[in-house]
Amino acid sequence: MIDLFRDLFFRRPMAKVRTRIAPSPTGDPHVGTAYIALFNRCFARQHEGEFILRIEDTDQTRSTARSEQDILKALRWLGLDWHEGPDIGGPHGPYRQSQRSDIYRQHIDVLLENGQAFCCFCSAERLDALRATQTENRQTPGYDGHCLALSEQDIQKKLAEKVPYVVRMRVPSEGECVFQDRLRGEIRIAWEQIDMQVLMKSDHLPTYHFANVVDDHLMEITHVIRGEEWINSTPKHILLYQHFGWQPPQFCHMPLLRNPDKSKLSKRKNPTSISYYKDMGYLPEALINYLGMMGWTMPDGSEKFSIDEMQAAFDIDRVSLGGPVFDVEKLDWLNGKYIRENLDAEAFAQVFAQWAFDSAKISKIVPLLKDRVERLSDVVPLAGFFLSGLLPISDADFVHKQLSPAQCKTILQLTVWQLEQLPEWTRESVEQLCQTLSQFMGIKIRETLFPLFIAITGKAVSTSVIDAIYILGLDISRARIRHAVEVLGGVSKKDVKELEKTLRDLQKFLLPAQD
RNA sequence: GUCCCCUUCGUCUAGAGGCCUAGGACACCGGGUUUUCAUCCCGGCAACGGGGGUUCGAAACCCCCAGGGGACGCCA
């Protein structure tokens with residue numbers, strides 16, 4: 001409260017509160033992104049400020065337009081809309097970093113001229129070797145300042161020869177960076193802990209650290225509310241603000257969402273994609289409410305609240321710092337409560353129909369079952385699994401003439417791993433994957449598919465399981481296969497090790513086929 | 001390995017030095033309602049990581065330890 005008072009009346013008397021969410025479009029829309037967006041949005045709107053969305057797509061190799069679309073769609077589905085963004089524009093655009101290259105180049109030139117940044121011509125090989133030596137000697141890995149010794153002539157010569165280079169920032173060698181975290185108070189980090197961060201990559205695109213600071217300043221962001229994982233790089237950011245002579249924003253690091261084992265929430269251990277929760281039939285109101293109770297509570301203790309109610313009562317200083325475990329059981333209870341209390345019969349019918357009979361999905365399913373049914377009443381028993389979550393299966397379902405339960409488990413685990421690595425989600429790629437797995441295992445495709453039929457459709461006989469995986473998508477397929485592995489007794493750490501070895505063999509097996 | 005952050009029931013949390021015999025919710029266990037089940041209602045189980053201080057008084061403030069997590073990329 002005191003901090004707030006000081007900031008509002010002394011440090012930045014007129015500044016309108018502006019916060020942002022800055023997702024990187026490199027994968028599925030993550031619940032962690034929605035979580036941080038929710039708190040940023042509540043904070044901004046409560047102060048009659050603005051919440052903006054910026055796309056951080058400076059990693060050209062991993063960013064995709066598809067992922068950007070999915071993220072925007074998922075955030076909107078949850079009711080997290082923004083005042084400015086790549087889709088709606090605004091006075092501080094463009095809001096996609098890949099379209100702001102000129103801005104970054106101008107700013108990097110300033111640092112280069114002032115000697116606050118320098119060109120580094122070191123090869124990836126040299127840096128790898130350096131890191132390896134440092135790790136071996138139990139030193140903190142980091143750049144050794146090699147190119148700092150280059151003379152102006154050396155630099156000009158290398159530039160003329162078009163030797164690839166990056167731009168790194170200079171960092172003080174002594175002293176410490178002291179900054180305030182809104183939730184934690186003073187944090188001190190010694191400058192010797194801070195690496196000479198690359199600011200501009202050899203593809204001339206900025207790194208996160210650089211683009212983020214430049215954009216946050218130009219977009220007039222007053223409060224940076226982000227995940228705890230960024231605490232250690234905050235000194236780099238503060239140093240950049242200082243170099244440019246800019247007023248840094250107020251930093252506020254939120255606790256990280258956790259898996260049940262307390263590690264940072266990850267899709268290997270827990271479904272993290274917002275689309276998964278949508279496909280499983282969670283209501284957006286329930287999911288966003290649930291995220292709002294991670295590290296935060298309403299002052300009156302109520303647990304069911306809308307995003308507007310949260311915003312009205314919001315107080316960021318009441319965020320608790322222990323990393324909250326994402327507990328699906330409590331989410332289930334909340335979602336049920338929303339269905340029971342917020343939907344009357346008519347609304348329920350409408351919501352259900354909208355969820356179940358998505359026309360794109362239906363048009364893919366219909367061809368699979370139309371020729372297999374004799375009565376319309378056969379449809380639900382045959383294809384009900386398309387509208388289900390996890391299936392009620394048991395280890396008895398996996399009994400098979402040729403395959404042992406252990407083999408079933410191996411097939412299932414290898415299939416998930418392979419599905420996760422699929423560069424493109426098409427029916428053909430799923431089929432190809434099953435074919436090669438069957439060749440690799442030296443068994444017929446029919447047998448390879450058996451455990452997948454049980455895991456995905458719940459029965460040994462059903463519509464094409466390959467099409468089913470393709471239509472259900474990675475999130476649901478992964479959840480069902482994982483559930484099946486659990487039903488078969490799960491995998492021990494020892495099993496995982498062996499399976500990973502088998503996976504490597506499988507990948508070796510795949511290589512010649514791809515030539 | 002180095003640095004940083006965190007620590008209340010199994011889980012989400014309340015707690016601003018005396019309202020704490022530590023409250024609520026999920027889960028779990030009992031009971032009631034219900035033709036079954038679910039819902040709903042009632043009850044129960046269950047926590048301040050450890051050790052030192054400060055104080056008349058500590059879950060709360062300070063220190064140490066332990067445990068957990070995170071960061072150390074031309075990823076974000």
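Protein chains get the first letters and strands the later ones, always in sequence-line order, with residue 1 at the start of each.
- Partner assigned to B:G67 is B:C6, using Watson-Crick or G-U wobble distances below 3.5 angstrom.
- For the ring-ring contact (aromatic ring centres under 6.0 Å, His included) test with A:W296, the passing option among A:F43, A:F314, A:F39 is A:F314; the others fail.
- With a cut-off of 3.5 Å on both Watson-Crick or G-U wobble distances, the partner of B:C61 is given as B:G53.
- Each of A:D261 and A:V325 has a nearest nucleotide on RNA chain B; the 5'-most of these lies closest to A:V325.
- Under the 30°/60° scheme for interplanar angles, the aromatic rings of A:H107 and A:F244 are found to stand perpendicular.
- Distance noted for atom P between B:C41 and B:A25: 10 Å (whole Å).
- With rounding to whole Å, A:H209 atom NE2 is found 8 Å from B:A76 atom P.
- A distance of about 40 Å separates the C1' atoms of B:C12 and B:C74, rounded to the whole Å.
- With a cut-off of 3.5 Å on both Watson-Crick or G-U wobble distances, the partner of B:G73 is given as none.
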Distances for protein N or O near nucleotides 70-74 of chain B N or O, under 3.5 Å:
unit_1: B:G70; atom_1: OP1; unit_2: A:K264; atom_2: N; d: 3.0
unit_1: B:G70; atom_1: N2; unit_2: A:N232; atom_2: ND2; d: 2.9
unit_1: B:A71; atom_1: OP1; unit_2: A:K264; atom_2: NZ; d: 3.0
unit_1: B:C72; atom_1: O2'; unit_2: A:P141; atom_2: O; d: 3.3
unit_1: B:G73; atom_1: OP2; unit_2: A:R131; atom_2: NH1; d: 3.2
unit_1: B:C74; atom_1: O2; unit_2: A:S202; atom_2: N; d: 2.9
unit_1: B:C74; atom_1: O2; unit_2: A:S202; atom_2: OG; d: 2.8
unit_1: B:C74; atom_1: N3; unit_2: A:S202; atom_2: OG; d: 3.2
unit_1: B:C74; atom_1: N4; unit_2: A:C122; atom_2: O; d: 3.3

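- Atom C1' of B:G15 sits at a distance of 13 Å from the matching atom of B:A58, rounded to the whole Å.
- With respect to A:T58, the side-chain contact (heavy atoms from CB on, under 4.5 Å) criterion is satisfied by exactly one of A:Q97, A:M200, A:R96, A:R100: A:Q97.
- Put simply, the side chain of A:M169 does not reach to within 4.5 Å of the side chain of A:F118, judged on heavy atoms.
- Nucleotides B:A76 and B:A59 have their P atoms positioned 47 Å apart, rounded to a whole Å.
- The nucleotide B:C19 finds no pairing partner, because no Watson-Crick or G-U wobble arrangement with both distances shorter than 3.5 Å includes it.
- Under 4.0 Å is where a charged nitrogen must lie from a carboxylate oxygen, and between A:E486 and A:R482 no such pair does.
- Side-chain atoms of A:N289 and A:Y338 include a donor-acceptor pair closer than 3.5 Å.
- Base pairing of B:C48: no nucleotide in any strand meets the Watson-Crick or G-U wobble criterion (both distances under 3.5 Å).
- Within the 3.5 Å criterion, the main-chain N or O of A:L199 finds no donor-acceptor partner in the side chain of A:Y104.
- Residue A:G227 is out of contact with every strand shown, counting any heavy-atom pair closer than 4.0 Å.
- Looking at A:K330, its side chain has no donor and acceptor atom pair within 3.5 Å of the base of B:A27.
- Going from atom CG of A:D28 over to atom CG of A:L474 covers 7.0 Å, rounded to the nearest 0.5 Å.
- Remark: the A:N259 side chain and the A:S263 side chain contain an N/O donor-acceptor pair separated by less than 3.5 Å.
- One interatomic measurement links the two molecules: CH2 of A:W296 to C1' of B:A25, which rounds to 16 Å at whole-angstrom precision.
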Could you write out each protein N or O paired with an N or O of nucleotides 38-43 of chain B at a distance under 3.5 Å?
unit_1: B:U39; atom_1: O3'; unit_2: A:R340; atom_2: NH1; d: 3.2
unit_1: B:C40; atom_1: OP1; unit_2: A:R340; atom_2: NH1; d: 3.1

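- When the C1' atom of B:A14 is taken as reference, atom CE of A:M293 falls 13 Å away, rounded to whole Å.
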Between N or O atoms, less than 3.5 Å apart, protein on one side and nucleotides 49-51 of chain B on the other: list the pairs.
none

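- Spacing between B:G53 and B:G43 at atom C1', rounded to whole Å, works out to 42 Å.
- Between the side chains of A:R20 and A:N212, at least one donor N or O sits under 3.5 Å from an acceptor N or O.
- The C1' atoms of B:C42 and B:A47 are separated by 24 Å, rounded to the nearest whole Å.
- Rounding to whole angstrom units, CD1 of residue A:I231 and P of B:C3 are separated by 16 Å.
- When heavy atoms are screened at a 4.0 angstrom cut-off, A:G322 is found touching the sugar-phosphate backbone but no base atom.
- Here the P atom of nucleotide B:C12 and the CG atom of A:D332 are 16 Å apart, to the nearest Å.
- For A:K73 and A:E68, the salt-bridge test fails: no basic side-chain N is under 4.0 Å from an acidic carboxylate O.
- Comparing A:E186 and A:E329 by the nucleotide of RNA chain B that holds the closest heavy atom to each, the one mapping nearer the 5' end is A:E186.
- Going from the C1' atom of B:C63 to that of B:U2 covers 23 Å, rounded to whole Å.
- Protein atom CZ of A:R188 is 11 Å distant from nucleotide atom P of B:C5, rounded to whole Å.
- In this structure, A:D216 places its CG atom 14 Å from C1' of B:A76, rounding to the nearest Å.
- Between A:Y165 and A:C147, the closest side-chain pair of non-hydrogen atoms is not below 4.5 Å.
- Distance from the side chain of A:E303 is smallest to B:A25 among B:A76, B:A25, B:U11.
- Using a 4.0 Å cut-off between charged side-chain N and carboxylate O, A:D475 and A:K267 make no salt bridge.
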Requested in this report: Let me see the working for A:E50 and A:R41 under salt bridge (charged side-chain N to carboxylate O under 4.0 Å, His left out), right down to the final yes or no.
Outcome: CA-CA 8 Å; A:E50 284 152 358; A:R41 187 177 176 278; over 6 Å; no
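- In this structure, CG of A:L321 is placed 15 Å from C1' of B:A14, rounded to the nearest angstrom.
- Nucleotide B:U11: paired with B:A25 (Watson-Crick or G-U wobble, both distances less than 3.5 Å).
- Across the C1' atoms, B:C62 and B:G1 are found 30 Å apart, a figure rounded to whole Å.
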